Amino acid sequence: MPVQFSSKLQSLLIPSTRVVVFTGAGISAESGVPTFRGQNGLWKEFRVEDLATPQAFATDPQRVWEWYNWRRELISRIDPNGGHLAVAEFEKFFSDFWLVTQNVDGLHDRSGNHRILKLHGDIWEVRCVSCGNGSVDSRPVLPSLPPHCECGDLLRPGVVWFGEVLPASVFEKAVQVTQSCGLFFSVGTSAEVFPAAQLPGIARQHGAYVVEVNIERSAAAYEANEVLLGKAGEVLPAIAASLSVRSA
Ligand code: NAD
């Protein structure tokens with residue numbers, strides 16, 4: 001069935017509209033990256049407390065790294081999908097555009113977005129637990145686990161774990177652009193992980209037109225002016241196609 005959206009949303013699809021796209025694991029699901037929640041979510045098989053917390057890493061860094069190695073290898077074999085590519089088109093079309101993502105998989109970088117605020121870090125980065133030195137390590141699988149820093153202590157994945165604080169400057173910037181945008185898309189997120197999940201509500205309170213794109217209504221739907229039910233890889237390309245018609 002063709003994707004249909006409102007005349008209000010159509011009227012906002014002009015280059016001068018300030019746009020924020022807020023993404024979650026659902027946008028990468030069609031590429032083959034498992035989500036955390038929903039159907040086939042990772043947490044049906046694994047317990048979050050066993051793998052994605054500072055306590056888990058302190059208890060068993062080898063086990064946590066084995067899981068990250070599995071995820072890195074999986075992500076390295078797949079490609080961005082039509083949803084990611086459409087968001088890259090948005091960045092070219094709208095003169096004031098920001099992408100705020102909860103994803104750590106790097107697929108938005110690979111599909112061509114540059115104005116990205118990564119709230120939860122990046123799976124391709126590693127950081128020392130002692131000296132804090134960080135670097136990009138894009139090898140699909142790290143050969144010797146757990147990896148060590150030159151200073152001798154352990155390296156950890158460069159992601160934000162449950163129970164940890166988001167990088168303040170990144171979150172502050174995300175709030176600022178959310179407060180000043182005119183159109184806010186919430187895409188493929190359950191909107192259950194805080195503080196990121198506050199963003200759709202902040203957008204709405206500050207007068208943005210809020211659109212949720214999801215295969216089912218999430219907590220973000222309560223803040224949305226419009227809910228487009230469907231796969232991100234189908235809904236977003238339909239919106240992007242409408243952009244190119246308008247700019248022709
Ligand atoms: P989530 O797993 O809590 O929710 C996923 C959402 O995506 C659900 O609402 C689901 O209905 C929706 N969805 C599934 N398939 C979809 C599709 N094809 N199109 C549109 N929507 C679809 O994910 P979350 O809200 O991002 O929050 C969980 C945390 O998980 C975040 O902190 C994030 O860092 C982490 N995470 C990241 C990745 C990744 O980087 N790809 C993968 C899993 C989890």
Side-chain angles (χ1 to χ4, degrees), residues 3 5 21-49 51-54 64 67-68 70-87 99-111 113 116-125 157-167 170-171 174 185-201 211-224 226-240:
V3 177
F5 42 91
V21 175
F22 171 54
T23 61
I27 195 169
S28 295
E30 289 160 77
S31 291
V33 188
T35 59
F36 277 5
R37 296 175 187 76
Q39 282 185 344
N40 304 319
L42 277 174
W43 301 121
K44 302 231 164 149
E45 287 180 60
F46 303 100
R47 289 188 346 132
V48 60
E49 312 87 70
L51 296 163
T53 65
V64 171
W67 186 57
Y68 276 93
W70 173 73
R71 291 182 71 198
R72 288 165 73 103
E73 202 273 329
L74 184 151
I75 295 164
S76 72
R77 282 189 279 110
I78 57 163
D79 293 313
N81 63 60
H84 297 105
L85 296 172
V87 177
L99 170 61
V100 180
T101 190
Q102 299 167 90
N103 293 349
V104 298
D105 54 32
L107 292 177
H108 283 304
D109 307 76
R110 282 172 54 194
S111 61
N113 279 104
I116 311 178
L117 299 171
K118 294 179 185 175
L119 296 180
H120 295 160
D122 191 324
I123 201 168
W124 302 110
E125 290 177 10
V159 301
V160 178
W161 282 324
F162 290 93
E164 292 188 315
V165 177
L166 272 58
V170 179
F171 188 62
F185 289 97
S186 179
V187 181
T189 175
S190 59
E192 287 181 15
V193 177
F194 283 83
Q198 296 171 335
L199 294 176
V211 179
E212 155 151 76
V213 178
N214 201 313
I215 51 172
E216 60 188 22
R217 292 173 71 89
S218 77
Y222 296 104
E223 308 294 350
E226 184 165 345
V227 177
L228 300 176
L229 286 180
K231 293 181 175 176
E234 293 170 5
V235 175
L236 295 177
I239 296 172

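Numbering of ligands and ligand atoms starts at 1, following listing order. What you are looking at is a predicted structure, and each value in this text was computed from that prediction instead of being measured. If you read the sequence from its start, that first residue is 1, and numbering goes on from there.
Paired with Leu107 under the rule side-chain contact (heavy atoms from CB on, under 4.5 Å), one option of Leu85, Ile78, Asn113 passes, and it is Ile78.
Proximity of Asn214 to ligand 1, defined as any heavy-atom pair under 4.0 Å, is shared by backbone and side chain alike.
Counted by atom type alone, Ser28 and His108 present zero donor-acceptor pairs between their side chains at under 3.5 Å.
Less than 4.0 angstrom separates some heavy atom of Arg71 from each of these atoms of ligand 1: 38 (C), 42 (C). Below 4.0 Å from some heavy atom of Gly24 lie the following atoms of ligand 1, by number and element: 26 (O). Interface atoms of ligand 1 facing Val33, defined by a heavy-atom separation under 4.0 Å, are 41 (N). Those atoms of ligand 1 with a heavy atom of Asn103 less than 4.0 angstrom away are 37 (C), 39 (C), 40 (O), 41 (N). Every atom of ligand 1 with a heavy atom of His120 under 4.0 Å away is listed here by number and element: 31 (C), 32 (O), 33 (C), 34 (O). Near Ala25, meaning under 4.0 Å from any of its heavy atoms, are these atoms of ligand 1: 23 (O), 24 (P), 26 (O), 38 (C), 42 (C), 43 (C), 44 (C).
Applying the side-chain hydrogen bond (donor to acceptor under 3.5 Å, both in side chains) criterion to Trp161, with sequence neighbours excluded, gives Tyr68. When the salt bridge (Lys or Arg N to Asp or Glu O under 4.0 Å) test is applied to Arg217, no partner is found at least two apart in sequence or on another chain.
Salt bridge status for Asp79 with Arg110: present, with a side-chain N to carboxylate O gap under 4.0 Å.
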